[in-house]
Every structure is written in C-alpha cells, then in structure tokens.
Amino acid sequence: MKSPFIIDLQPDQIITGTFLVQHKDVRQKKSGDVYLSLTLADRTGDLDAKMWDNAADAVGTFAQDDFVRVKGLLQVFQNRPQLTLHKIQAVPETEIDVVDYFPASKRDRDEMFRELEGWIAGMANPHLKALLAAMFADEEIAGAYRTAPAAKAIHHAWIGGLIEHVLSLCALAKFTSAHYANIDFDLLLTGVILHDIGKISELKYARSFSYSTEGQLLGHILIGLRMVEDKLRLVPDFPPKLRDLLMHLIASHHGELAFGSPKVPLFPEAMLLHHLDNLDSKMECMRGLIERDRQIEGVWTGYSSALDRTVLKKDKFLSDGPLPDGRGSLEPKKPEKPEHKEPPSSSPFAAKLKDALKG
C-alpha cells in the first residue's frame, strides 16, 4: 500500500514516497542554472515541489503524468507546504496501484449508475424516457458517464465526479420542481442528466485531468448537443418542440453568454437547471477548498479564482483557542468570584473609627 499520502505529510520532515507528476516546469535561476518546479499528487491532494540542485541531470528522466519516487525535505514557504527535492526517479506503472494516485468518488460508481437508472425508470414522459434509454444503451457512453470527472479542477474533479454531481442535481430538481408551480419535472430531470454529458469527451482523465483536443475546439456544450442529436435519430416520433426545449436546456445551462452558453435561459425549467447546477458546483467547490486547503496557519483558505474569494474555515474558527485578532477563546469565560476589597477611607476621622471598630 502506498505510503505516505500527501494529506498525512508534516513539515520539517524528510519525505520518501511515490507520487504522480501532475505538472512539470523547467525554470532558470539567476545564475543561469535550471531548476524544476513540480506539482506532485496522489488521491488525497497535491503538493508544490522544487528541485534546486542537480536538476539538469534529472530533467530528462521523467515526464508529466509519470509516477516518480522522491526524497526531500518538507518545509513551509509562504504559509504553504513545499517539498525541496534531493532525489527523483521515474517508477514503472507496473510497480504501483493507480487507484492510490487519482482522486475518486467515495461512492461506488456502479451503485450510482443504478440510482441514475432508478430516476429514469420513474419518468412518465415516454419520449424523454426513450431518449435516455437510447443514450445509456451505448456501453461506451454509459461506461464513460460513470467514470468521468465533472470538471478539470473546479468542482467534483475526481473519477465518478460527473455522475455524483448529476445525482445531487436529481435530488435538488425533485425538491425545487415540487416547490415551484408549473415545472415539468421530466423535462428538468432530462436536462439534469444530459446537461454535462459532453464532458465525457471534453476531458481526458486517464492520468491527470486535462482537456482533449475535441474539448478544446468545441467544449462540452456543443459536444453534448451533438450527442443528443445522434441519439434522437434512434427515437421515432420524438416531438420537435420537445426536442427544441431539451436542446435549449443544454445550451443555456451556464446561464450567461460570458460563461460559455450560446443562449441564456428562456423558460422556467432552463432557469432552474442553471441555478441548481451553479448551486451544486459552488457548494462543492467551497467544501473542497476548505478540505484541501494547505495553509498552515490561520482560519482562511488561500484565494480561489473559481470563487473569487478566500473562504473561512468555520470549524477551525469555532474551535477552542485564541481568535485570529488575539481576543482569546470563543468559549465564554466562567465568572470569577469577586475579591473583597475595603473601600478607601474618605477622611482621617473615618480611618480612626474603622481602626477602633477592628480593635
């Protein structure tokens, strides 16, 4: 079993372990010598690493997406862990268990797919139900759908992340469609299931997550629309107006032209799908940011460009101990028993009288 995992590393220790090279950059020092700037990863997180010395000898021995065995000193730099590498060596894939190196859903993917099939089985609209049946009868699509991440980095960025995101949206769609009047639940549910289906081709996820050439050229919205068009040919008598509504759901789910949607939402189910998708992705982004934050001190995460903010680590903030501004613990102090003090004497006569009474 792999050891150690990144989440377990502690500063000021010599680290020896095996990791995935998620990013590799060859840079130059002021002296003209090269050094390596790497991002190492396993299924628990990622780690900034630098090789300052002897980098020229190591630079050609491994590539991005290779597995490497490293030795180095873990230190804190700008309030974040950084590994200074002393040695690095490529490791054959046959010597490692790949599941230790890629983030994956905590849920079983086959179990999640059965849950998805349950949502589809409960639909009443025969045309939408037939379309989804045709889509997932394609074993290549079904296999990729239960495997793909929902994003490269921002939210649900792990193996099985796409279907986990979709199932979360299914539950939100059921609740909100009952809350708002005149919502076509079957139409909304079909939009939920198909809105990100293009991501199975937009993203590459055999090693580190990245965009495919098709994904770079088209994006998941256009890929998804094309996939739905292909499967609609297998569903006879699919109503043309229903087809247009479904296509609009997929095309508009990013909500704004500036965010990549060719159309903004123009009917209630489309508006609801956009906001549910945005809600679920933002909440997962915030949860993941707090969980994976590598800041050593303080109660704030590092800056998130996806959220355009830093985030408060609430549990740490509420825990015992001094507050960041030095005001002490959040726990209320127990009242101390007041110490009895004699009031000062107001005159020489009063002082003599008090002495007499004590006597």
Side chains of H253 and D196, donor plus acceptor under 3.5 Å: yes
Working for salt bridge (Lys or Arg N to Asp or Glu O under 4.0 Å), residues E111 and R114: CA-CA 5 Å; E111 176 190 322; R114 288 192 292 271; 5.4 Å; no
Which value, rounded to the nearest 0.5 Å, describes the distance between M112 atom CE and Y145 atom OH? 10.5 Å
Tell me whether K263 at atom NZ has more than 12 heavy atoms from other residues, nucleotides or ligands lying less than 6.0 Å away. no
Between E229 and R233, is there a salt bridge with N-O shorter than 4.0 Å? no
Looking only at atom types and distance, does a side-chain atom of E269 sit under 3.5 Å from a main-chain N or O of I183, one as donor and one as acceptor? no
Within a reach of under 6.0 Å around CD of E95, are more than 12 heavy atoms found that belong to other residues, nucleotides or ligands? yes
Whether the side chain of N54 engages the backbone of D57 through a donor-acceptor N/O pair (distance < 3.5 Å, no angle test) should be reported. no
List the steps, then state whether side-chain contact (heavy atoms from CB on, under 4.5 Å) holds for D42 with T18. CA-CA 9 Å; D42 60 27; T18 306; over 6 Å; no
At what distance, to the nearest 0.5 angstrom, does OG1 of T190 lie from CG of L128? 4.0 Å
Shortest non-hydrogen pair, D110 vs D108, comes out as N-OD2, 3.1 Å
Any salt bridge between E202 and K199, counting N to O under 4.0 Å? no
Sequence neighbours left out, what passes ring pair (Phe, Tyr, Trp, His ring centres under 6.0 Å) with Y35? Give chain and number order. W52
Sorted by chain and residue number, the side-chain hydrogen bond (donor to acceptor under 3.5 Å, both in side chains) partners of D138 (sequence neighbours excluded) come out as K231
In terms of heavy-atom contacts, A41 and Q22 come closest through CB-NE2, 3.6 Å
How long is the span from the CD1 atom in I223 to the CG atom in L203, to the nearest 0.5 Å? 8.5 Å
Got more than 12 heavy atoms from elsewhere within 6.0 Å of NZ, K314? no
Tell me, please, whether F5 has R43 positioned over its six-membered ring: NZ or CZ under 6.0 Å from the ring centre and within 45 degrees of its axis? yes
Could you tell me how the ring of H248 sits relative to the ring of F267: parallel (under 30°), tilted (30 to 60°) or perpendicular (over 60°)? tilted
Run the salt bridge (Lys or Arg N to Asp or Glu O under 4.0 Å) check on R107 and E115 step by step: do they pass? CA-CA 11 Å; R107 296 190 59 188; E115 183 179 331; 2.7 Å; yes
Check L188 against S177 and note the closest heavy-atom contact, atom names and distance. CD2-CB, 4.3 Å
Start with the C-alpha gap between I15 and K71, add the side-chain angles, then the distance that decides, and say whether side-chain contact (heavy atoms from CB on, under 4.5 Å) holds. CA-CA 6 Å; I15 304 299; K71 182 178 182 180; over 6 Å; no
Can you tell me if OH on Y180 sees more than 12 non-hydrogen neighbours from other groups inside 6.0 Å? no
Spacing of CG belonging to L273 relative to CD1 belonging to I250, to within rounding of 0.5 Å: 9.0 Å
Under a 4.5 Å side-chain heavy-atom rule over Ile, Leu, Val, Met, Phe, Trp and Tyr, are L232 and I200 clustered together? yes
Spell out, as yes or no, whether a donor-acceptor pair under 3.5 Å connects the side chain of S261 to the backbone of L257. no
Do you know which of H274, K282, H275 makes side-chain hydrogen bond (donor to acceptor under 3.5 Å, both in side chains) with N278? K282
Non-hydrogen atoms of L83 and G72 that approach each other most closely: CD1-C, 3.6 Å
Check for a donor-acceptor pair, side chain of K50 on one end and backbone N or O of L38 on the other, with a separation under 3.5 Å. no
Can you confirm if the NZ or CZ of R146 lies within 45° of the ring axis of F113 and under 6.0 Å from the centre of its six-membered ring? yes
Residue pair V59, V34: steps toward the side-chain contact (heavy atoms from CB on, under 4.5 Å) verdict: CA-CA 9 Å; V59 66; V34 299; 5.6 Å; no
What about the rings of H254 and H195, do their centers lie closer together than 6.0 Å? no
Check against side-chain hydrogen bond (donor to acceptor under 3.5 Å, both in side chains), H23 and D46: CA-CA 10 Å; H23 178 77; D46 55 60; over 6 Å; no
Once you round to the nearest 0.5 Å, how far does CE of M135 lie from CG of L234? 9.5 Å
Nearest atoms (heavy-atom pairs only) where A157 meets P103: O-CG, 3.8 Å
Please round to the nearest 0.5 Å and tell me the distance separating atom CG of D280 and atom NE2 of H165. 5.5 Å
Could you tell me whether K24 sits above the aromatic face of F62, with NZ or CZ closer than 6.0 angstrom to the six-membered ring centre and within 45 degrees of the axis? yes
Which is it for D48 and Q82 under the side-chain hydrogen bond (donor to acceptor under 3.5 Å, both in side chains) test, yes or no, and what are the steps along the way? CA-CA 5 Å; D48 181 37; Q82 184 180 90; 2.8 Å; yes
If we ignore hydrogens and angles and just use 3.5 Å, is the side chain of S304 paired with the main-chain N or O of L307 as donor and acceptor? yes
Quick one: does any side-chain atom of S201 pair with a main-chain N or O of G198 as donor and acceptor, under 3.5 Å? no
Counting distance only, does the side-chain N/O of D66 pair as donor-acceptor with the main-chain N or O of A90 below 3.5 Å? no
Look only at the side chain of T44 and the backbone of I7, and say whether a donor-acceptor pair between them is shorter than 3.5 Å. yes
Q28 and D33: side-chain contact (heavy atoms from CB on, under 4.5 Å), yes or no, with the steps? CA-CA 6 Å; Q28 195 171 45; D33 295 334; over 6 Å; no
Under a 3.5 Å cutoff, is there a donor and acceptor pairing between the side chains of K129 and N125? no
Check this for me: D237, atom CG, are more than 12 non-hydrogen atoms of other residues, nucleotides or ligands nearer than 6.0 Å? no
For residues L187 and L132: do they belong to one hydrophobic cluster (side chain heavy atoms under 4.5 Å, members Ile, Leu, Val, Met, Phe, Trp, Tyr)? yes
Nearest heavy-atom contact between N79 and E297 is OD1-N, 3.0 Å
Would you verify whether the NZ or CZ of K2 falls within 45 degrees of the ring axis of F19 while also being under 6.0 Å from that six-membered ring's centre? yes
Can you tell me how the ring of Y205 sits relative to the ring of F209, calling it parallel under 30°, perpendicular over 60° and tilted otherwise? perpendicular
